[in-house]
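Quantities reported herein were computed from a predicted structural model and do not represent experimental measurements. The figures here come from the full heavy-atom set of this structure, side chains too, leaving out hydrogens, waters and symmetry mates.
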Amino acid sequence: MSGAQSLLCEMLSCGSSDLEMLDRIGYGWEEILDQMDWPREGLDFNDVLRGAVSVGIIKLKESVDEKILVLEAAENIHGMLEPEEAEELEALRRLKPDDDIEGDFNFLATHVWFKNNGPVYRRYLPDAVDEFEDNVGFFLTGGEGDD
């Protein structure tokens, strides 16, 4: 282990295997650190993981809002939506990423999952879910089947 890795392990109260998880995070560190509570007595590894998930949730909310705006604009232009689009809009309006996604932050045992509405996210926002997973470094479990 290099001196820099040893320093990070001390600062984050984690092991070298935990540090490898940080390499999977794709979001900018400034964004992640902005999501953390400062100032505090110390920084720990799980706070960093929580920060990354918080950024992912923010990005997911943006995707939900953007898709809703596109569908509402289409509805305003055409007067009504196709039945499939109306169903999608109704489903998207029910999404609340802050409540729908949960995590248990415990170093290597960290787990992030859809608590609610997983199938809706996977059906209507697959690219946003992929982006979340790619940039947070965790697969969102749940939501693979139908409600």
Q) Under 3.5 Å, is there a donor-acceptor pair between the side chain of S6 and the main chain of S2? A) no
Q | Inter-residue atom distance L22.CG - L49.CG, 0.5 Å rounding | A | 6.5 Å
Q | Atom pair NZ/CD1 of K96 and I57 - distance to nearest 0.5 Å | A | 14.0 Å
**Q.** E131: partners by salt bridge (Lys or Arg N to Asp or Glu O under 4.0 Å), with sequence neighbours left out
**A.** none
Q | Pairwise distance CG(N117) to CG(D99) - rounded to 0.5 angstrom | A | 10.0 Å
Q: Mind checking salt bridge (Lys or Arg N to Asp or Glu O under 4.0 Å) for E72 and listing every partner two or more places apart, or none if nothing turns up?
A: R93
**Q.** Partner residues of W113 under the ring pair (Phe, Tyr, Trp, His ring centres under 6.0 Å) criterion, sequence neighbours left out
**A.** H111
**Q.** ring pair (Phe, Tyr, Trp, His ring centres under 6.0 Å) involving F114 - partner list, sequence neighbours excluded
**A.** Y121
Q: Before accepting this row, confirm whether a basic side-chain N of the pair R122/E133 lies closer than 4.0 Å to the acidic partner's carboxylate O.
A: yes
Using atom types as modelled, flag every donor-acceptor pair under 3.5 Å from a side chain in residues 63-71 to any protein atom, sequence neighbours excluded.
unit_1 : atom_1 : unit_2 : atom_2 : d
S63    : OG     : K59    : O      : 3.3
K67    : NZ     : E88    : OE2    : 3.1
K67    : NZ     : Y124   : O      : 2.6

Counting only pairs under 3.5 Å, give me each side-chain donor-acceptor contact of residues 10-20, with atom names and distances, residues two or more places apart or in other chains.
unit_1 : atom_1 : unit_2 : atom_2 : d
D18    : OD1    : L108   : N      : 3.4
D18    : OD2    : G15    : N      : 2.9

**Q.** Close side-chain approach of D100 to L60, heavy-atom, < 4.5 Å
**A.** no
